[in-house]
Every structure is written in C-alpha cells, then in structure tokens.
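In what follows, chains carry the letters A, B, and so on, assigned in the order in which the sequence lines appear, proteins first and then strands, with residues in each chain numbered from 1.
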There are 2 protein chains.
Amino acid sequence: MASPFILHSKASDCAARRGEVRTLHGTVQTPVFMPVGTQATVKGVTPENLKELGAQIILGNTYHLYIRPGHELVRSFGGLHTFMHWDRPILTDSGGFQIFSLKDLTKITEEGARFKSHLDGSNLFLSPEDAVAVQEALGSDIMMCLDTCIPYPATREEAIASTDLTSRWAKRSRAAHKERGQLLFGIIQGGMYPDLRAKAVEELVEIGFDGYALGGLSVGEPAELMMEITEQIAALMPADYPRYLMGVGTPENLVEAVYRGIDMFDCVMPTRNARNGMLFTSSGRLVIKNARHQDDHRPVDEECDCYTCRNYSRAYLRHLFMAREILSSQLNTIHNLHYYVGLMARIRKAIEEDRFSQFRRDFYAKRMAE
Amino acid sequence: MASPFILHSKASDCAARRGEVRTLHGTVQTPVFMPVGTQATVKGVTPENLKELGAQIILGNTYHLYIRPGHELVRSFGGLHTFMHWDRPILTDSGGFQIFSLKDLTKITEEGARFKSHLDGSNLFLSPEDAVAVQEALGSDIMMCLDTCIPYPATREEAIASTDLTSRWAKRSRAAHKERGQLLFGIIQGGMYPDLRAKAVEELVEIGFDGYALGGLSVGEPAELMMEITEQIAALMPADYPRYLMGVGTPENLVEAVYRGIDMFDCVMPTRNARNGMLFTSSGRLVIKNARHQDDHRPVDEECDCYTCRNYSRAYLRHLFMAREILSSQLNTIHNLHYYVGLMARIRKAIEEDRFSQFRRDFYAKRMAE
C-alpha cells in the first residue's frame, strides 16, 4: 500500500520531521495540530474562523456523531464536509476512547463494544466493522480503527488482553474498509508496557495501514512517562507513514512529541480552556478573569496577530467572560486555536531550517523569563 | 437646535417616511432596526457579522454597562466603539426601563432612582444627570434621557405622577448634557392615556431634543392598543425629528409602526429568539428543534441570502440546537438579525418607491398563504 505521507526533511539532531499527508480533501503539512470538532462543529467558531486562523484539518468524533445526528443523516449530505460546511480534511476517531470513558456503561466482547448512549441510555453496539462503516458514511479523510483503551494504571495481564484484542479488531477493520480513497489509521495500544507497544506496532504494520497512532496516552500518567513511551515507540513506527499522538496535549507536550518524531496531534485543550477563560500566550498561560486584567488595554498576547488580539483588549475579554457572553467563547477560542496552529507553523519552519532543537530551547527560555 | 434628521420622502397614502439620522459615527438610513448589544456585545455575533448582515447602528444598555464593566473603564478606551470594536453608530438607552424592571429593588424619588445591582445587591443611585454623564462616558452617538416607566395596567393617577416626573427629569437631562456632538433623545411616557402622552410630547418639544422616543409600550398591552397609541402620538411628534419606538417588536409590529410614521426600533426578539431556536422567515416563524426539520436539506429560508442560509441546512441547524452547540446561537442570530435588517431595507425601498401600503398587504398575504 502506497503511503499518503511524504517526508520533506528531518532534523539532524533529533527525531523531528517535516512532511505532508495527502488526503481526499487536500494535503496537510506536518507536524500539524487538529482542532477538535466533536459534534460536527469546533465549539465556538465558524469554518471561516478556522480557515482564517490557519487550521488545515479538523477532527470529528464517531461516537458522538453516530448517536447524534446519526451517520445516515450525514451520509445523505454526502458526508461531514457538506453537512458542516468544511471543505478541508477531516479525521474521525473511532469512538473507542469515548466508549472506554463511559466505563460502567460499556461491555467489551470479542465481537465489539456494547454500550449505553450518554444521551438517552439506549443500548447500542459498535463492532470494528461498524466503526469503519460509520466513518465511511461520515466521509472523513482519515478514519481510525476501533480500539480498546487501557486504564492507567493497569496490570500487565489487562494490558495484554486489551492490546491483543485491539490488534484483532485492527485486522477486521482493515478487511472491512472498502478502498475509496479514505485513509485508515491503526492505533497502537499497550499501556505503559513498551514491549507490548512494540509488539502492537509489529502486528499493525503487518496488517498495513495508511498511518499509525499512539493511543492510550495522556490518560493520567506523568508527562515524563508519556514522553518516554512516545520516544521509544515513535522510533519503532514506520518512518514513511504518518505518526499521530492521540489526544495530546499542552503546548509543551506538542514540542516534546515533535522532538521525538510525531507528526499529528489533536486535543480539546485549546478550545475547552478558551471557554473556561484560560488563554495560551507566547509567554505562558493567562487566566482572563483575574482582576489584574480589569483595566488592561493590551491584547492577550502582544506577539499575536489573531483576530482577537488585533481587535480586542484584555479588559474587554475579561468583561465578556465575567458577563458570560457568547462572544467570550468565540474570541477566546479563536485566540487559543490560533496559538496552537501558529505554534505548529513555527515548528514546521524551524524543522525546515534545521533549527528545531534551538527552537525548543527558546520556547522554554521564553516561558521561564516571565 | 438643528435636527439630525433629514426627511427623504413620505408615503402618499400613509404616515410611513424615509429619512436619515446624522450621528458622530455616520448616517443611519431610516426606518431602521437596531440590534441590541446589552453588555457591549450583540449576543452571539461579532461586529464583522453585524456589518455583513447590514446592521447600521446597535444599542447598548446604560444600566448594564454602568454596573459592569463600569463607564469609567469604557471612558478610558475613548468610549464603547473602541472598547467593543464597533465603528458605526451606537444608541444607549438610559437605564430607566431596566431599573423599572427591578421593581421591588428600586425606589424612585424626585432626585433619581435608587436601586440594587442585580449582580451583587449593592446599593446604587442614578439621577437624570448621572445617566447623561454615564452615556457621555460611554460615548454613544444617541443618548436617551432617564425616564420612569409606568406599569400596565396603571391608574390615571399613577400615570400622571410618572409622566410628570419623566418630563422634569427630561429638563434636567437636557441641562446636564454638554454639547459635544452626541445626540440626546427625550422619551414620551403617559401609559395608555393619549392625553397624558400628548401633554408629554408638548413638554418635551418645549425642552427641545434631537429626537423623540415612545417609551412604555410593548409592556403587556394588546398589540392593537400599542398601535392605537403609536398612531395617535406619532402624529403629534415633530415631523422633522426622528421618532423611535422603544423595545418593539415583532416583524408585524415594525411594519405597522412604520405605517404610522415611526423611524427607529430596537428589540431583543431576533437575538433572544435565535438562541431559543425560533427563526424568522419570509413565510413566518420556524422552530428549529421540531422533528420535521431533522432530515431537511433546505436552508431556513430559501429566499434568504444570509451567511447561515447560504451555507447550512435546517438539518444541521437542528443538530446544533439539539446538541446545544455555541454555533447554534451564532448561526441562528445571524439569520434572525439578517431577517430584521433585511425587512427594514425592503421597507425603505418600498417607501422610496411609494408602494409601502402594497408592501404591507403583500407582507401579510405571504404569511397567510403558508
């Protein structure tokens, strides 16, 4: 199978790499951050806002869309792109993580996942084949295999059982996928056991996917452990395919994971924190409700050229937050996503110019100076 | 005092009129609808959204802005325009209606209104002079005199006392206003007693304002009574000054009041109803959560060319509403404001071409046909 990934360049002193992923709706320059649009909308922003701030690809959630509005409705529109008015690439996760999060409401069997809807408690079932079929209906550019997540901490026996099942499901997912240009990524589980993860990589590569994802990280383990696993396993992942670290993370996490060879990221942090009034800036985090911003005429980040920073003061953003105005979520989300997307653009440029290690040092120095 | 109003044309068979109001931030073509931006933001939309949908002027609430974020903060920005990133005209109400709405928390004396903040219960006081000073700090293009509202129903004695006090306050407001280009409008009270309202018009015209508003309507009285009062009093209001019907109303109310000679309107209906999923269309109202919209690929209104109708289906809007997504409020608000602003544009054109009475008949015929 031809890889959708083209490697542009590699850093000479670390594992960082600059590449692109080709999809049905266009090419994505990597490393890339994907804003999360769980329910067929990135909360608080329009597709035009996303384009203006430079988003290349967004993520949708199979679990949520399967339950509401239903994949058949989305299919009737020819897929998510038309339904939600977004013509750039979309990646859909498989629903594995959401089903895992439901905990007591879920029963995993060899066949698939039996779970209750978080909306009305109705009984639902999703097999690996179903997850592929749903994502085919959603028309996403990149589909993810249904996987089973491993709690942290987990015993070695739990981790083995879950990882093996994920590999068997991956094989069924691959077989179920009708080739129509949509890419299908496999998910590497294995918990915090490097040997199990290494075995999972082997099994998934044997099956053959369009890309490989690290799942089950950022589930409560220390950041150091997450990066240790990422470093070890990224080194084992095929160099000529895209590498995706799922659900990660903080700006620091992104810098560290790029350093270890990761190409793709998604996380609710910039959007969720925006709605809670936590803003990312070039010199660290800012909590907009703090009284010290009350009279502050400056933008959130004087180095930022996003729509929010070009036109609004901290004092106004604080007022909107205190008054619980919708515009607060809109403006904060635009800023935070612009920060994440802009950070990745600067990372890409640094890798192109083979100065990413220096970029990484400067990134931390700037924060320490504050 | 020179009037800021220029009359362009008058309908030959009704009181409708086409004109303009000149303000510090530009000229407003009338009849006009002013979207309500209570807390220095029109809920759910950006200033760019407002401009794209054709809003000429917006409204801010003195009461709310006085309490939060405070007029001194807004003054430090040079006024609301810079604070909220809106460079077109702004009208600020005086706070009279909000203070009236607080009922038991308010005590009205000759000097002014003593009331408790709805935010923290703190004791506040606003005199007519204070209301002018606050609005001067806010830098609005059109300021309103502090008035006292009359409940519906009210006895003649209550109405007389309140109307007389409003006239005395109007005189003090006029005296307090330093001439700096900001316009000041007087508010005609009088409840449902036409003779009291006629007396109020006389007294306010004697004082002399840049425009005259009908206050205390749309407070629970039947629509017929509201229009009866509007018709009688509009005929007594100076023809060479702008006439503003405060807090009104439905699309039907606007058509009827224009027919009776009103130039300016504001109402929370398009924005509030948008957030509640009630959408205005050329053939009547539409409740987006209704199951019949579930699979509907059509836009909200096939005759509408707003951003929402150009890009999104009823099915998608219903999904967003059911999923309680922020984008639901954004898209619905854009549509409803576009409807209101577009209705006024069509009304202006009809008056220019002296076919407003026909426009009014067609407006109802279309609704009846549905």
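- The backbone N or O of B:D93 lies less than 3.5 Å from no partner atom in the side chain of B:Q98, so there is not a single donor-acceptor pair.
- For B:S329, the part sitting under 4.5 Å from any heavy atom of chain A is the side chain, from C-beta outward, and nothing else.
- Only the side chain of B:Y312 comes within contact range of chain A, judged by heavy atoms closer than 4.5 Å.
- Note: B:L327 leads B:V42, B:L331, B:L327 in heavy-atom pairs under 4.5 Å with chain A.
- Within the structure, salt bridge (Lys or Arg N to Asp or Glu O under 4.0 Å) contacts touching residues 328-345 of chain B (residues at least two apart or in different chains) do not occur.
- Ranking B:N311, B:L119, B:T82, B:V45 against chain A, the residue ahead of the rest is B:N311, based on heavy-atom pairs under 4.5 Å.
- For the set A:R318, A:K43, A:M322, A:R68, the count of heavy-atom pairs under 4.5 angstrom toward chain B peaks at A:R68.
- Under the side chain to side chain contact (heavy atoms under 4.5 Å, CB included) test applied with A:N61, the options A:T38, A:L138, A:I67 reduce to a single match, A:T38.
- Counting heavy-atom pairs closer than 4.5 Å to chain B, the top residue among A:H297, A:Q330, A:R275 is A:H297.
- No hydrogens or angles considered: a donor-acceptor pair under 3.5 Å links the side chains of B:D141 and B:H25.
- Proximity to chain B is limited to the side chain of A:E325, based on heavy atoms less than 4.5 angstrom apart.
- The closest donor-acceptor contact from the side chain of B:Q182 to the backbone of B:S140 lies under 3.5 Å.
- Using modelled atom types, no side-chain atom of A:R285 and backbone atom of A:M278 make a donor-acceptor pair closer than 3.5 Å.
- Of the listed residues (B:L73, B:L320, B:T333, B:V74), the greatest number of heavy-atom pairs within a distance under 4.5 Å of chain A belongs to B:L73.
- Side-chain atoms of B:N49 come within 3.5 Å of backbone atoms of B:T46 as a donor-acceptor pair (strictly under, hydrogens ignored).
- Contact annotation for A:S76: both backbone and side-chain heavy atoms come within less than 4.5 Å of a heavy atom of chain B.
- Neither the backbone nor the side chain of B:E72 comes within contact range of chain A; no heavy atom of the residue lies under 4.5 Å from a heavy atom of that chain.
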